[in-house]
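All remarks here apply to the structure that follows.
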2 protein chains.
Amino acid sequence: MTVDDAAGPTLLPATAMAGRDEPVDRILATAYELFSSRGIRGVGVNELINSSGVSKATFYRHFPSKDALVLAFLELRDQVWTVDLIVGEARKRGTTAEEQLLAVFDVFGDWFQREDFEACSFINVLLEMGAGHPLGKASIDYLSRIRGHVQALAEEAGLDRPEEFARSWHILMKGSIISATEGDTLASKRAQQMARWLIEHHRGL
Amino acid sequence: MTVDDAAGPTLLPATAMAGRDEPVDRILATAYELFSSRGIRGVGVNELINSSGVSKATFYRHFPSKDALVLAFLELRDQVWTVDLIVGEARKRGTTAEEQLLAVFDVFGDWFQREDFEACSFINVLLEMGAGHPLGKASIDYLSRIRGHVQALAEEAGLDRPEEFARSWHILMKGSIISATEGDTLASKRAQQMARWLIEHHRGL
DNA sequence: CGGGGCGAACAGACCGGTCTGCCTCGGAGT
DNA sequence: ACTCCGAGGCAGACCGGTCTGTTCGCCCCG
């Protein structure tokens, strides 16, 4: 799994796949597009293999089950979306750690207005499969990684109780994503304002 | 399936069904339980009819399709959960409108700790079916009704820009529900704290 | 010549939805 | 008071389609 070495954010893992045309890469790239936009249950294995131009036997040679592919998709999503698009872009947009934190919601604002905005795959999979399902548990794990990034920035900014801070911050992130799914593209601004208050109350006295 | 006629909130629609044993009521009661806990796609028509002790012909005499039943379920959920459990209970717990608003997150706190906590069906259905699907659109409508309750309370409390207030408030509600689904039962407290800041900034100067 | 990919058929389960019987119960007609 | 009939509920077979996953045969390329 190569790294996105190009400049600028992208939602598609195309750059990550650049130069590779192996069946396993085609499958993963297709899975990323389809799972992101239509969910897990909404995409069947037959559609996956047709769209990626791969035979079923080849598919099952590389992935023992559909769930295994979903797991790989979540891993890829963590890299492409969480790390590169959200955290990476936010760190680029701000100079201080506090600015970078707030920039998360600027990135959200751009993201919410995209045609292909498809909400957060980790939340989607968690709610679709349930917290008890292995895929739900994996999603919870990736969500906690997001919180880890926020906590790291909070520590850089020297904020009080960074773990608690990150949990509250994450509430704002997730809530604004749901609101954006409902159609409120300004949800990022509302969340950002509440985020400012949260920062103020976590600054060392 | 006995009836919970005791005082206090209940998540089951048993009280609404009290004294009735018609097939249509049994179907709806079963649908409420199964759809709430396992989602729409996770429950098939065959299981619905078996669990409610109804024949398939009877089922389709009362509901032209599964989607029609889901629509009826969402309507029931709005009454039982939104109106009775959340808004009704919050209004009971507070004296002033501001107290009643904040009490929403106290009710959430109790709700998050329930064994049968199953998140918000409207969010679940919205993400499961997509915002373009009729059921997704219906869910968006019911979510906006929740926001309407919040806005009404904000107006009673004399807060500034009640519509904007309600949208921000709703972000906190939805975000805390997702966090609770991940296992953070204290999410209600974190959201409540941010909600207090939100109230302060919407009070007339 | 052999491994990997392809296309396709196939299996078994389940999906939403239709339809055919059988039974019961209640009300109307004589 | 007795009969008759139809509405509505129950049970379950059945339909075409889709789901995940398996397997077989062919071909191409190293």
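These numbers come from the heavy atoms of this one structure, side chains and all, not from hydrogens, waters or symmetry mates. In this text the structure is predicted, and so the values were computed from the model without any measurement.
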Taking atom [atom2] of [N] as reference, at what distance in whole Å does atom [atom1] of [X] sit?
X     : N      : atom1 : atom2 : value
B:E47 : C:dA13 : CD    : C1'   : 15 Å
A:F59 : C:dC6  : CZ    : P     : 13 Å
A:L48 : D:dG21 : CG    : P     : 12 Å
B:I49 : D:dG9  : CD1   : P     : 14 Å
A:H62 : C:dG3  : NE2   : P     : 15 Å
A:I40 : D:dC19 : CD1   : C1'   : 15 Å
B:N50 : C:dG16 : CG    : P     : 12 Å
A:I27 : D:dG21 : CD1   : C1'   : 14 Å

_Side-chain heavy atoms of B:F105 within contact of B:Q193, under 4.5 Å_ = no
*Compare side-chain N and O positions of A:R41 against OP1 and OP2 of D:dT18 and report whether any pair is under 4.0 Å apart.*
no
*asked:* For D:dG9 and B:R61 - does any side-chain N or O of the residue sit under 4.0 Å from the phosphate oxygens OP1/OP2?
replied: yes
_Distance, nearest 0.5 Å, that separates CD of A:E33 from OG of A:S51_ = 9.0 Å
Name the closest nucleotide to the [X] side chain, picking from [options].
X     : options               : answer
B:N46 : D:dT20, C:dC15, D:dG9 : C:dC15
A:K66 : D:dT20, D:dC10, C:dG5 : D:dT20
A:A57 : D:dC24, C:dG5, C:dG16 : D:dC24
B:S55 : D:dT22, C:dG5, D:dA11 : D:dA11

*Kindly indicate whether the side chain of A:K56 and the base of D:dG21 share any N or O donor-acceptor pair separated by less than 3.5 Å?*
yes
Show every donor-acceptor pair shorter than 3.5 Å between a side-chain atom in residues 121-136 of chain B and any protein atom, with sequence neighbours excluded, or say none if there are none.
unit_1 : atom_1 : unit_2 : atom_2 : d
B:S121 : OG     : B:R77  : NE     : 3.3
B:N124 : ND2    : B:E118 : O      : 3.4
B:E128 : OE1    : B:I40  : N      : 3.2
B:E128 : OE2    : B:I40  : N      : 3.3
B:E128 : OE2    : B:R41  : N      : 2.7
B:H133 : ND1    : B:L135 : N      : 2.9

_Check this for me, if you would: do B:D184 and A:R147 make a salt bridge, where the nitrogen-to-carboxylate-oxygen distance has to be below 4.0 angstrom?_
no
_N-O pairing of B:E164 and B:R167 below 4.0 Å_ = no
